[in-house]
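Heads up, the thing below is written out as C-alpha cells.
Labels below follow one simple rule: chain letters A, B, ... track the order of the sequence lines, proteins then strands, and each chain is numbered from 1. From a predicted model like this one, the values you see are computed outputs, not experimental measurements.
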There are 2 protein chains.
Amino acid sequence: MKPATLKEIATTLGLSISTVSKALKDYPDVSKKTKKLVKELAETLNYRPNASAVNLRTKESKTIGLVIPEVVHHFFSSVIKGIISEAEDKGYLVIILQSNESFELEKKQIELLINKQVDGILISLANGTYDFSHLKAVMNQGITLVMFDKIAKIVDCSKVIIDDQMAAFDATQHLIDTGCKRIAHFRGPLTPQNSIDRFLGYKKALLHNQIPYDPSLVYILDAMSFEEGQHFTKELLKDHDDIDGIFINTDLVAIGSITELNKRNIKIPEQISIIGFSNWFMSSVISPTLSTVNQPGHLMGKKSFKLLYKEIKKRKEGKKIKFKNVELKTDIILRDSTKKI
Amino acid sequence: MKPATLKEIATTLGLSISTVSKALKDYPDVSKKTKKLVKELAETLNYRPNASAVNLRTKESKTIGLVIPEVVHHFFSSVIKGIISEAEDKGYLVIILQSNESFELEKKQIELLINKQVDGILISLANGTYDFSHLKAVMNQGITLVMFDKIAKIVDCSKVIIDDQMAAFDATQHLIDTGCKRIAHFRGPLTPQNSIDRFLGYKKALLHNQIPYDPSLVYILDAMSFEEGQHFTKELLKDHDDIDGIFINTDLVAIGSITELNKRNIKIPEQISIIGFSNWFMSSVISPTLSTVNQPGHLMGKKSFKLLYKEIKKRKEGKKIKFKNVELKTDIILRDSTKKI
DNA sequence: GTTTTTACCGAAAACGTTTTCGATAAACTT
DNA sequence: AAGTTTATCGAAAACGTTTTCGGTAAAAAC
C-alpha cells in the first residue's frame with residue numbers, strides 16, 4: 001500500500017541506500033549485477049522516487065505556475081494547451097491558477113506559487129493590475145518570470161506578445177485592398193495596450209494609403225460585448241451613411257455587428273465589409289462567416305514556455321540572462337464578411 | 001536572493017529552529033514576546049515554508065492532478081475552472097495534463113502524476129481508453145481517484161456524471177409542452193454512452209406523451225459538425241414535410257441546422273422548434289438564439305473536487321471510503337428557438 | 001611479494017520542515 | 001523551605017533523497 005522507498009529496497013537486498021540510489025541512476029561505480037538486482041526489485045515494488053524528497057535535495061521542483069485571467073476562454077485555453085504540451089516535453093508539470101481579472105486574486109495566486117517553490121511562473125496580467133511589487137517579489141525569490149499577452153512593460157522580464165499594431169494594420173489594409181474607402185473602427189477601452197496598438201495599426205494603414213483619418217469613425221467600446229456590437233452598429237449607421245468597412249477590435253463585437261446588419265438587410269460584404277480580431281470559433285459559423293485576425297494562442301503558449309525553460313536553465317547554470325521581447329506574427333483568416341481580392 | 005529558512009530566523013534571533021517553527025504556528029508553548037519577534041522577522045525576510053520539506057514531513061503534497069482529453073473545449077474549460085476554484089478554497093493546487101484522446105498518453109500522464117505524489121487524481125477518460133490497469137495502479141499507490149464525465153463503470157471509484165437520459169427527456173418534453181407533435185432527433189454515433197442515453201431520453205419522452213416513436217425521424221450523425229447539421233436538415237426536410245421540432249444532440253449541429261432553416265426562410269420556432277444540447281456560448285448569439293440543455297461543467301468540476309477532497313481526508317484519517325455515484329441534474333436554457341409556454 | 005590500480009560499496013551530511021519529549025527556570029503551593 | 005506546577009525553550013529524530021568522500025578487496029603491475 002505504502003509507496004516503496006530506497007531504504008526498503010536496500011534492506012531487502014542487503015545493500016546501502018546510496019548504492020541503491022546509484023544503481024537506479026546508472027552510476028559507473030555500481031556493478032552490473034547489483035544494478036540488475038536493484039532495478040528488478042524496484043520494478044516489482046513499483047518504486048517511484050519521492051518528488052518532495054528529490055526537490056528538497058536538488059532545489060528544483062520541475063513544476064511551473066501559470067496565472068491567467070480566465071480559463072473559460074478560447075484564446076487562453078489554446079495558450080494553456082501550448083504550454084502544457086511543451087512543458088511535458090521537457091519534463092515539467094504545470095499548475096494553473098486563475099486571477100478572474102482581479103488584482104487581489106492575482107497577488108494571492110502568485111503567493112501560492114512562490115510557496116510551492118515552482119521553478120518558474122508564466123503570467124498574463126489581470127485587467128485590474130496596477131501595481132507590480134508581487135511580480136518583483138517573484139524575481140527576488142529567484143523564480144524565473146515570463147509574461148505573455150497582457151503584459152506590463154515596466155516589469156523587467158522576458159515577454160511574449162502579439163504584434164497587435166501590425167495585425168491591425170494588415171486587417172485594415174485588407175479592407176482597403178478589397179476596395180473599402182470609408183472604414184470605421186470599433187475599438188476597446190483607452191488604457192489596455194492591445195486596444196491602443198490595434199487603433200494605431202488601423203490609423204497607420206489609413207495614412208499609408210492616403211486615406212484621411214477621421215476620428216468620428218472611431219467608436220470606443222467598453223464591455224466589448226455582443227450587445228455593444230449591435231448598439232454601436234446602429235449608432236454608426238445613424239452617424240454615417242457612407243461606410244463601406246468596419247475593423248472591429250474583437251470577434252464577439254463583430255458578430256453583434258453582423259447580426260444588426262443582417263437584421264437591416266444590409267449586404268455583407270457587398271455594402272459593408274467586416275473584419276474582426278481573435279478568430280473565435282463561432283466566427284466560422286456565423287452567417288456570413290467572419291474574416292478575422294487569428295491570434296496564435298497555441299504558438300504563444302509554446303513560445304512562452306520555451307523562453308521560460310531556457311531562462312530557468314541558464315539561471316541554474318549561473319549564467320546571465322538577457323530578457324527578450326518576442327512579438328508573434330498573426331495571420332488573417334479570410335472568410336465571407338470581406339470581399340475577395 | 002535565496003528564500004529564507006527557519007534556520008536563518010533562528011540564528012539571527014538566537015533561538016532554536018523548533019521554537020521558530022512553533023512560534024510561526026502559534027503553539028501555546030511559545031511566549032508572546034518571541035512569537036512577535038519571530039513573526040516580524042519572518043515578515044521582513046519574506047519567509048515562506050518550503051513546500052517540498054513540508055510535504056516530505058507531512059506526507060501530503062496539497063496538490064491534485066487533473067487529466068482530461070482536451071483543454072480547448074468549452075465544457076472542459078468550465079470543468080477546469082470549477083475544479084481550480086474549489087481546490088484553491090481548500091488550499092490545493094491543480095496540475096493539469098491532457099490525454100489528447102489517446103490511451104497511451106493518458107497512461108503516461110497518470111505515471112507522471114503518481115511520480116509527483118499528488119494527493120488525488122481527477123480524470124475524464126480518453127475515447128481510446130480500453131484498459132484500466134493504469135487507474136488501478138493509482139489506487140494501489142494509495143492515491144485517491146475520482147472519475148467524471150467520461151467514466152468507466154468497471155473501475156471501482158467514485159464518479160460524477162451528467163444524467164443524460166433525463167436531460168434529453170426534459171428537452172424533448174419541452175418541445176412537446178410547447179405544442180410539437182412530430183419531433184425528429186439528430187443523434188450522435190452508436191457507441192458513446194451519452195449519445196445512447198440522450199436517444200433513450202428522447203424516446204422515453206415520446207412514449208410518456210403517447211406520441212408514437214418513429215425510427216425514421218432519428219438521424220445518426222458522425223462528426224457532429226456544423227456541416228452535418230446543415231446536411232441532415234436538408235435530408236430531414238426532404239424526407240418529412242410535417243416536422244415541427246428537432247432535438248439535436250449538440251449545439252454545434254443545431255447551429256448548422258438553424259443556418260439551413262434560416263436560408264430556406266423557415267420560421268423558427270413558428271414552423272420548426274429547435275432544441276440543442278451543451279449550451280455553447282455561441283448559442284446565445286446565433287439568430288434566433290438557441291434553446292438548449294445546459295451541461296453544468298463548472299458544477300461538475302466543483303462536485304468532483306469536493307468528492308475527491310472528502311475521500312482524501314477520509315483516507316488520511318484511516319476511515320473507510322464508500323464510493324459514490326453522483327448524477328448531476330442539467331437544466332434547460334429557454335431561448336428563442338422554441339416557443340414560449 | 002610488494003605496490004598500484006581498479007571495481008565496488010557504504011557512511012554520512014545535507015536539503016527544510018514538524019513534532020515529541022525533556023529540560024530548565026520561575027512561579028506557585030502548602 | 002520543600003515540593004509542585006507552569007511557562008518557555010531546545011535537542012533530536014524523522015521524512016526520502018543525492019552526492020561526496022573514503023574504504024576495502026580483488027586484480028593488475030612491477
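Tested against A:Ser61, the residues A:Leu56, A:Asn55, A:Ile95 include a single side chain to side chain contact (heavy atoms under 4.5 Å, CB included) partner, A:Asn55.
In this structure, A:Gln117 atom CD and C:dC15 atom P are separated by 14 Å, rounded to whole Å. A:Leu24 places its CG atom 9 Å from the P atom of D:dT17, with the value rounded to the nearest Å. What separates CG of B:Leu6 from P of D:dA12 is a distance of 18 Å, to the nearest Å. Computed from coordinates, the A:Lys25 NZ to D:dT17 P distance equals 11 Å when rounded to whole Å. As rounded to whole Å, 13 Å separates atom P of C:dG16 from atom CD1 of B:Ile9. Look at NZ on A:Lys36: it is 18 Å from C1' on C:dC8, rounded to the nearest Å. One interatomic measurement links the two molecules: CG of B:Leu56 to P of C:dT17, which rounds to 12 Å at whole-angstrom precision. Spacing between atom CD of B:Glu60 and atom C1' of D:dC15 amounts to 13 Å, rounded to whole angstrom units.
Here the side chain of B:Pro49 is nearest to one of D:dG10, C:dT17, D:dC9, namely C:dT17. Taking only side-chain atoms of A:Lys22, from C-beta outward, the nucleotide of D:dT17, C:dC15, D:dT19 with the closest atom is D:dT19. Closest to the side chain of B:Val30, from the set D:dC9, C:dG16, D:dT17, is D:dC9.
Each of A:Tyr47 and B:Lys32 lies near DNA chain D, and the nucleotide nearest B:Lys32 is the one positioned closer to the 5' end. Summary of the strand contacts: B:Ala53 and B:Thr19 both lie near DNA chain C, and taking for each the nucleotide with the nearest heavy atom, the more 5' one is attributed to B:Ala53. Residue order along DNA chain C, read from the 5' end via each residue's closest nucleotide, puts B:Asn50 first among B:Asn50 and B:Ser18.
B:Glu86 and B:Lys90 are not joined by a salt bridge, as no carboxylate oxygen comes within less than 4.0 angstrom of a charged side-chain nitrogen.
Residue contacts for A:Asp29: at a heavy-atom cut-off of 4.0 Å it reaches a base atom on one of the strands shown. Contact annotation for A:Thr5: backbone-only contact, meaning every heavy-atom pair under 4.0 Å involves sugar-phosphate atoms and none involves a base.
Between A:Ser16 and C:dG10 there is a side-chain polar atom (N or O) within less than 4.0 angstrom of OP1 or OP2. Between C:dC9 and A:Ser31, a contact under 4.0 Å exists linking OP1 or OP2 to a side-chain N or O. Distances shown here put every side-chain N or O of B:Thr58 at or beyond 4.0 Å from the OP1 or OP2 atom of D:dC15. Residue B:Tyr27 places no side-chain N or O under 4.0 Å from the OP1 or OP2 atom of C:dT20. Side-chain nitrogen and oxygen atoms of B:Thr34 include at least one within less than 4.0 Å of the OP1 or OP2 phosphate oxygen of D:dC9. At least one side-chain nitrogen or oxygen of A:Lys59 sits closer than 4.0 Å to the OP1 or OP2 atom of C:dG16.
Sorted by first and then second residue, the salt bridge (Lys or Arg N to Asp or Glu O under 4.0 Å) pairs with a member in residues 141-151 of chain B read B:Glu101-B:Lys150; sequence neighbours excluded.
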Trace of the salt bridge (Lys or Arg N to Asp or Glu O under 4.0 Å) decision for A:Lys324 with A:Glu311
CA-CA 10 Å; A:Lys324 280 189 184 173; A:Glu311 295 188 3; over 6 Å; no

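Aromatic ring orientation, B:His73 versus B:Phe75: perpendicular (interplanar angle above 60°, classes split at 30° and 60°).
Between A:Asn325 atom CG and A:Lys153 atom NZ the span is 9.0 Å, to the nearest 0.5 Å.
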